[in-house]
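For this chain, numbers begin at 1 and follow the sequence in order. Each ligand, and each atom within it, is numbered from 1 in the order the structure gives. Worth knowing before you read on, the calculation uses all heavy atoms, side chains too, and leaves out hydrogens, waters and symmetry mates.
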Amino acid sequence: MNLPTHPLRTFGAWEGSPQKPFVIAGPCSAESLEQVLETARALKQEGHTQLFRAGVWKPRTRPGQFEGAGYDALSWLQTMRQEVGLPFVIEVANADHVEKALAVQADAVWIGARTTVNPFYVQEIAEALKGSGIPVLVKNPIHADLGLWLGAFERLEKMGLTDLAAVHRGFFSSYSAPYRNEPKWELSFELRRQAPDIPIICDPSHIAGQRDLIEQVSQVAMDIQMDGLMVEVHPIPEEALSDAAQQITPQRLGQILATLEANAPKNLALQEAIDQEREKLDQVDQQMVELLRSRMDIVQALGEMKAQHGASIFQMDRWFDLLQKRGSQAEALHLNKAFVEELFQLVHKYSVEHQMGVYTASRKHRDE
Ligand code: PEP
Ligand code: MN
């Protein structure tokens with residue numbers, strides 16, 4: 001990752017490890033100066049948090065819910081930074097939000113899940129951020145469309161923003177239970193494959209939707225080598241004005257992070273054991289491919305013989321015989337018979353195809 005150029009950046013690169021994830025924490029919404037200060041002080045005391053999060057304008061799915069304190073909250077966050085010393089990140093959903101975030105020198109901004117779905121908004125935000133060099137976090141879109149997520153990064157990069165990270169917060173699904181949002185971890189793997197330089201931070205709060213599951217989801221995130229965690233934290237979670245069920249106290253976050261850290265060496269040892277077994281698998285796979293090569297050499301020779309004598313390539317009896325022999329062998333070795341039969345169907349298909357090639361080439365040669 002390029003080193004961030006934002007002059008206000010004080011919190012280090014996003015990358016983290018299971019031993020030391022990059023931690024973003026704070027309330028779902030900034031509710032009052034007191035709540036912001038109390039949360040930040042407690043987080044500061046716990047000592048893990050590198051960046052303080054708080055929603056200022058809250059995109060609620062239904063109107064009539066708490067929609068954030070708006071402009072007032074910006075000054076609470078500035079006061080918090082001055083008094084407690086934590087840099088802060090806020091959500092921006094349009095150009096006006098960006099203008100206000102830059103005016104109060106927010107240390108970073110995040111684009112929410114309901115915004116990443118809309119390329120018009122992402123483009124508007126990217127243009128408004130141009131030249132600011134501010135770090136930007138992009139949450140995954142509400143639904144599992146990797147293109148929209150990647151597209152948001154491309155739009156930001158085109159505007160010269162280089163300090164970017166992804167936030168995995170899960171996906172809307174009618175079958176999300178026990179979670180609020182289905183994790184679909186495989187999408188983050190695909191993001192990592194297609195954009196390997198973008199660090200990925202997990203938001204266990206919005207995946208879980210209930211505080212009892214935060215630890216478990218965070219553990220998975222660490223096990224699959226995500227770089228950090230963005231966790232919703234409130235001094236009295238049950239009384240939070242938004243997302244009350246999923247917020248935890250700063251002290252609870254401290255406990256969870258300590259557990260994750262304690263698990264990290266154990267997981268490291270496990271990883272080593274897994275890697276050793278995989279080396280054995282690699283050796284077997286290599287032998288399998290070499291055997292396929294030898295097999296194909298015989299197929300080639302047979303093809304030439306058949307062509308020379310005008311014999312037909314596909315011989316039904318031989319095929320049934322092969323299938324029967326290998327099926328029985330599979331059973332004797334306690335291998336799934338269907339698995340071995342399917343495998344040989346594939347091997348046979350490509351052998352026949354290869355012999356067809358040999359046959360046609362040799363016929364052509366003879367006719368010339
Ligand atoms: C949030 O972080 O409070 C939020 C609104 O998240 P999301 O965009 O992931 O729903
Ligand atoms: Mn929230």
query = Between the side chains of E215 and Q219, is a donor N or O closer than 3.5 angstrom to an acceptor N or O?
reply = no
query = Going by atom types only, do Q246 and R211 share a side-chain donor-acceptor pair under 3.5 Å?
reply = no
query = In order of chain and number, which residues sit within 4.0 Å of ligand 1 by heavy atom?
reply = C28, R53, K58, E91, W110, G112, A113, R114, K139, R169, H206, E232
ask   = H348 and F314: aromatic ring centres closer than 6.0 Å?
value = yes
ask   = Roughly how far, to the nearest 0.5 Å, is the CG atom of L187 from the CZ atom of R192?
value = 13.5 Å
Checking one value in my table: which N/O/S atom of [X] lies closest to the Mn ion (ligand 2)?
{"X": "E232", "answer": "OE2"}
{"X": "D243", "answer": "OD2"}
{"X": "H206", "answer": "NE2"}

key: Stepwise side-chain hydrogen bond (donor to acceptor under 3.5 Å, both in side chains) test for R326 and Q329   = CA-CA 5 Å; R326 299 291 73 91; Q329 187 191 3; 2.9 Å; yes
inquiry  = Once you measure the plane-to-plane angle for W149 and F171, does it fall in the parallel (<30°), tilted (30-60°) or perpendicular (>60°) bin?
reply    = perpendicular
task = Using the salt bridge (charged side-chain N to carboxylate O under 4.0 Å, His left out) rule, pick out the option among R180, K58, R53 that qualifies with D243.
result = R180
